[in-house]
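In each ligand, atom 1 is the first atom listed, and ligand 1 is the first ligand listed.
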Amino acid sequence: MSSIVEMTSQRETQTKLKHPIHVTSEIGTLRTVLLKRPGKEVENLIPEYLQRLLFDDIPYLPIIQREHDYFAETLKNRGIEVLYLEKLVVETLSNPEIKRQFVDDILRESKANINGAREVLKEYLLSFSTADMVDKVMSGILKREIEESKKTHLYELMEDHYPFYLDPMPNLYFTRDPAASIGNGLSINRMREPARRRESLFMEYIMKLHPRFAGYNVPVWLDRNYEFSIEGGDELVLSDEVVAIGVSARTSARAIERLALNLFKKQDSFKKVVAVEIPKCRAFMHLDTVFTMVDYDKFTIHPEIQSPQGKMNIYILEKGLDDEHVNITHRTNLQETLKEVLGLNELILIPCGGGDEIAASREQWNDGSNTLAISPGVVVTYDRNYISNDLLRQHGMEVIEILSSELSRGRGGPRCMSMPIVREDLYK
Ligand SMILES: NC(=O)NCCC[C@H](N)C(=O)O
């Protein structure tokens with residue numbers, strides 16, 4: 001855990017920055033990013049519950065950690081400040097009263113599995129140091145961890161039935177999804193899948209109570225109590241005026257419209273929200289699994305999101321007559337729509353896997369389209385997607401490859417594993 005001195009100096013750095021969150025594009029030079037190092041939560045994945053926990057296989061912990069450390073080092077070597085979610089949460093909960101409140105909140109949201117065991121679990125969690133308690137909450141609590149004598153319900157004694165009181169949160173290393181920085185604020189998301197819904201509680205606490213963010217009135221464009229779901233993998237900040245949002249298996253049209261209304265009302269630089277409908281399937285769970293921005297005028301795309309005629313369902317939302325209405329217009333051509341909203345004459349879509357039917361499908365499954373831009377034309381990608389990476393290079397990109405054998409098993413790539421906190425503005 002950081003010392004007060006470290007936290008004070010973090011706060012001084014932030015004061016100089018004026019806005020602790022500042023993201024006005026997908027590609028502006030990345031200054032600060034939030035990651036989560038995969039931990040014991042990954043070892044609590046078992047075959048019976050893989051699908052429910054949104055994994056396709058069980059990563060090998062020492063290797064996934066090594067690969068993640070390599071990712072973090074790659075970013076640090078480029079001068080990017082890396083913040084860790086787990087560390088921010090521990091710092092946020094340093095006050096015992098806040099820690100108790102957090103334990104109450106997390107247990108309430110884990111209600112499906114704890115039923116009558118809440119008091120016992122509360123006592124159990126509070127018996128740990130804050131760092132160990134946070135680790136427990138993230139990695140899950142097994143029924144066998146609680147003394148037999150404290151179990152008063154039949155379901156608690158059925159060890160071979162369902163093993164967890166608190167489910168593990170193995171998707172936490174995909175920091176992109178629970179919250180998304182947009183302009184000087186963020187959306188703290190109601191996540192679609194029950195397996196991930198608790199994840200955004202951490203960000204709510206951090207924004208309200210961590211000294212790096214608390215007291216700066218960081219605007220929350222949409223909070224996690226909103227009834228319709230949205231996830232950060234669908235939220236792409238194309239410029240300081242335009243946000244693209246996927247209408248996907250995870251993100252609802254209603255949440256997009258509400259976010260657009262709030263943005264237009266409260267951060268008036270934003271003029272357009274482009275809603276891009278993508279097929280609702282596991283491989284394409286978010287817009288950023290099939291489409292990312294890599295340079296001012298270049299994007300990756302998985303060709304399968306377009307019809308054979310190259311058509312899609314796209315809607316542009318703009319400020320309406322009053323604060324409760326948006327104007328909506330329909331488009332069908334992604335390339336033309338991007339040119340229109342970004343004011344460009346030319347724009348290149350770089351197809352995943354070079355557009356080859358097999359390579360595109362294989363590399364998209366392993367997040368070949370999911371690039372993290374760290375400045376215009378410089379992207380971090382998985383090494384395994386060699387066809388897509390070569391094609392990016394042929395288009396003049398600098399491609400920084402990271403290790404990907406185990407990280408990719410969770411179905412997310414470098415963009416999914418990172419939440420930009422501060423990016424430099426683009427030159428206009
Ligand atoms: N932005 C992203 O596409 N994130 C990847 C999330 C993968 C995770 N296993 C999930 O299904 O939510």
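Screening Glu336, Glu277, Glu340 for a salt bridge (charged side-chain N to carboxylate O under 4.0 Å, His left out) involving Arg331 leaves a single residue, Glu340. The one candidate from Thr251, Thr289, Asn189 that meets the side chain to side chain donor-acceptor pair (under 3.5 Å) condition with Asp234 is Thr251.
By the criterion of a heavy-atom distance under 4.0 Å, neither the backbone nor the side chain of Arg415 is placed next to ligand 1. Only the side chain of Asp177 comes within contact range of ligand 1, with a heavy atom under 4.0 Å; no backbone atom does. Of all the heavy atoms of Arg196, the ones lying under 4.0 Å from any atom of ligand 1 belong exclusively to the side chain. Under 4.0 angstrom from ligand 1, the non-hydrogen atoms of Arg282 all belong to its side chain.
Side-chain atoms of Glu91 and His210 form a donor-acceptor pair, as typed in the model, at a separation below 3.5 Å. Side-chain contact annotation: Asp383 with Ser404, donor-acceptor N/O pair under 3.5 Å present.
Summary of contacts: the protein heavy atom closest to atom 3 (O) of ligand 1 is His286 ND1, 2.7 Å. Scanning the protein heavy atoms around atom 7 (C) of ligand 1, the nearest turns out to be Gly410 O, 3.2 Å. Regarding atom 8 (C) of ligand 1, its nearest protein heavy-atom neighbour is Asn171 OD1, 3.1 Å. Of the protein's heavy atoms, Arg250 NH2, 2.8 Å lies nearest to atom 11 (O) of ligand 1. At the top of the distance list for atom 5 (C) of ligand 1, counting protein heavy atoms only, stands Arg411 O, 3.4 Å.
Within ligand 1, the atoms closer than 4.0 Å to a non-hydrogen atom of Thr289 are 3 (O), numbered from 1 in the order shown. For ligand 1, the atoms lying closer than 4.0 Å to a non-hydrogen atom of Gly233 are 1 (N).
Taking the six-membered ring where the residue is Trp, the centroids of Phe270 and Phe264 are separated by 6.0 Å or more. Less than 6.0 angstrom separates the ring centroid of Phe102 from the ring centroid of Phe202. If you look at Tyr49 and Phe55, their ring centroids are not closer than 6.0 Å.
Here's the thing with Asp288: one of its N/O atoms is less than 3.5 angstrom from an N/O atom of ligand 1. Between Cys416 and ligand 1, not a single N/O pair is under 3.5 Å apart.
Met285 and Ser248 get closest at one heavy-atom pair: O-OG, 3.5 Å. Closest heavy-atom contact between Lys319 and Asn327: O-ND2, 3.5 Å.
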